[in-house]
Every structure is written in structure tokens, then in C-alpha cells.
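Note that the coordinates shown come from a computational prediction; the quantities given were computed from them, not determined experimentally.
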Amino acid sequence: MSNINNTKTDLIALLPRLQRYAGNLCRSSGDADDLVQMTCVRVLEKHEQFSPGTNFDRWAFTIMSSVQNNHLRAQKKHQHQDISEAMLYTQDDNESNTYHAQVMTLVKNLAITQRQAISLVYIEGFSYRETAEILDVPIGTIMSRIARGRAKLSQQLLSNDPSAVQGGQ
Amino acid sequence: VIENHDKESLLIKYVDDHATEAEREQAEGLIRSDRTAADFVQQLEQTRHSFVQALPPANDNTVDMINKWQPEAASSQQKGFGLKAICATLVAGFFAGHLLTAVTDLGANLYKSSADNQTGQQVTDATTPEWVRLVADYHLLYVKETIADAQVPVELAKSDVSGWLARNTNIPELTDQGMQFKRAQQLSVDDDVLIQLAYLPENNKPVAICIRKTTLNKNTDISYSNHGEMDYALWQDGQHAVVIVGQLNQPELELIAEKVRSTLFDA
């Protein structure tokens, strides 16, 4: 059983990564903040279920994934929201026109499942298997999502600005 | 013969430097012999070093919330409100984003609050209706930044809220009281709805108007009380119970409540 003070310490240390991941999943900073806050509440609420000695980061990301999945299910039930949300969605203005910013913008436009897999593996540094466990899907599905996502990114980069690709190598 | 998914996995691991020696040899053989595989590897290489992303600083409000979280709050989960309700409501906020979205089950116990408790007739904290306590507990988590970036068009919110409540509902104009409408959310209590309209005062924490359809159908006077740090005004308007929660002094709350009562629903 985990001590609540240890959980708080671990959670605060992990907070920047949870914020970064949420920022990559959500289309607005408000949504990302809400996702992080609710994940934190869930982690605190469930702290007794965490086994000390196991990977706290992976456990917390799994909880965030569960919250996110609930969100996706709700979205499917309320597709009429999408048009309005799209109307209100605006891209960040402060992104510079660099290769890296270009890639991150394209990442945000990937399908959510590809965005989850790519963010967890390449930004958060989880292994393929850990990512599969966090997202509760087979590892083959993770590899497939990565393949589809990276292929799409590559195609979009080439079609947008071939010279930018060279600059990023 | 390597199946497609296996081929993809092998080549991704190869490009990401996670392949074993045997897998490396297998991948290199595949690249030499299979044009599709070679093209795929080229695509992967183009995005290989693109994902470095700096960590943001920890959000102070979230850190504060974590530090203040008390495990004793978990005991109130057994009653169907408290932390569980807070958590559920946060789901609601997340779902809603800048807009309105039907959300999650706040718990059967909440739904089962008695009809007598759904009106504004009982005003001491000990008899604060369960759903009002839920709203107040949840609202404690709201800080200015929670809704500062939201800006839902009033007409859009009015249309959606009216639809969900099946009653012509207005978004009260409270700029004279120093408050700007920010967004609306729909919570779900089993199949029942609880609407929240969030406002941001100029110099105070957010204020929320929450509306819930009840089994009653009558009008009551406005009752004023508090639950913990939250002040509230509560009344019944036909089939709907309305509560305003926030950290407001009595004169402010009275002004706001009177304005909301007179403009929320069409006559």
C-alpha cells in the first residue's frame, strides 16, 4: 500500500510530464488542464492501489489514459459537439516556423490513437510494451499506430516543405 | 515470409535502435530485398529525431490542489458525493472543453436525494441538499485559471442549455455585477441532467449557476447559506432547482441571485 505523502511527492514530480502528454492529446490548454487535474484526483483517490516498488510513472499514465478513453467514448456519443469545438479551436500562435514546431503541429493533427502512441514512446520515453500496457492494447496495435502515424507525418512533411525535412536531419 | 504487422514492427525497432542483433540483420536483409520496406524505413528516418519536446513547468494550481488533498475526503465517497463527486465533475469539465457536453454518472445516491432536499427551504449547512454539497465541494477546485481561457458564445450556450433542460433558458447577463460568462457544462445524474454555467468575476474566484430538474413543480423564495467555504443561494423555479455557488458576501450574492432569478427562465 502506498503512503499518501509519497504519492503526492511522486505525483508532483511527474506533473510536468503529465502536462506535456495532456497538451499533446488535447486541442486546447483548458482541456489539457482539466485532463491533468482529473488524473491527479484519480491518482490520489486510488493511491492505496499502487504497489510501492513498481513503476509509478506508468501507473499514473495508465490512469490518464483511462480518463482520456472515457472522454473519447463520450465524444462518440455526442458527435454534434465536434463542429462547435472545431469552430472554437485555434492553433497556438506562439509556435515558431521551425522544423520541430512543424512536426509537433503535424503530430497534433494525427488521429488520437496515433498521437497517444507516438507521444508515449517518442516524447515520454516509454517502451513499446509499456505503451501497450498504458493504453491497454496489444503491442502489435501500438507498432501499427506508430507506423501509420510516422508514415503520415513523413508524407505531410514532404508535401508541405521538402527543404524543411533536410533541415531537420 | 514476414506478415505485414511483423514487418512494420521489425522495421520500427530497427530505425529506433531497439532491434536485437538478429533483428537488425533481418531488417537489413528486408530493406535490401523489398522496395516497400526500404521506402517505409526512409519514411521512418525522416521523423526519427523530431519528437524532442521540453517539459513545461508544473502548474502551481495543480500542485496546490495535490498538496491540499486530504485522504479523509475519501470516506465521503461511500455517501455518493465528496471526492467521488468531485472527480466525476472534473470529468465533466474535461469532456466539456470550451463547450457543452453530456457527461458522466455522478452516482445513484446523489440522484436519490429526497424531493424535500431539492428545494431551497432548508438552509443550514447540516441540511444542505446533497447535490448542492456536491456542487459546492467541486466548485472549491475552481480557480481563475480553470475557466479564464474559455469563452463560449452566449447564444450557443443558450441554445444548448435550453435543449438539455427542455425549457427556454437564458444565460444571465451579469456584467453589471462584475462577472463574465465563460462556459456551460452538462453533468449527468443517471439519466437526469445538471447544468452548470460558469462565470468569472473580475476580482474573485469563479462563480457557478447550477440547474437541476426535480420531481417538484413549484416556486420558492431564495434561501441563502453556505457549505464550507462556499456561499450559495438556492431556490426552486417550477420543475427546476437553481443554486448559485461562490465565495461572495451576502449583498453581492443577493444582487446576483435576484438578477439570475428574474432572467434565467422565460416567463
Quick one: what part of [X] sits under 4.5 Å from any heavy atom of chain A, side chain, backbone, both or neither?
| X | result |
| --- | --- |
| B:Pro57 | backbone |
| B:Val15 | side chain |
| B:Asn67 | both |

Problem set entry | Atom CG of A:Asp136: over 12 foreign heavy atoms under 6.0 Å | no

For this session: Apply side chain to side chain contact (heavy atoms under 4.5 Å, CB included) to A:Ile146 and B:Glu8, showing your working.
Result: CA-CA 9 Å; A:Ile146 288 172; B:Glu8 283 178 347; over 6 Å; no

Part of [X] within contact of chain B (heavy atom distance under 4.5 Å):
| X | result |
| --- | --- |
| A:Val107 | side chain |
| A:Leu14 | neither |
| A:Asn24 | side chain |

For this session: Tell me whether the guanidinium CZ or amine NZ of B:Arg35 lies under 6.0 angstrom from the six-membered ring centre of B:Phe40 and within 45° of its axis.
Result: no

For this session: Look up atom CG in A:Leu110 and atom CG in A:Leu153, then write down how far apart they are to the nearest 0.5 Å.
Result: 4.5 Å

Exercise. How many angstroms lie between atom CG of B:Asp16 and atom CE of A:Met143, to the nearest 0.5 angstrom?
Worked result: 7.0 Å

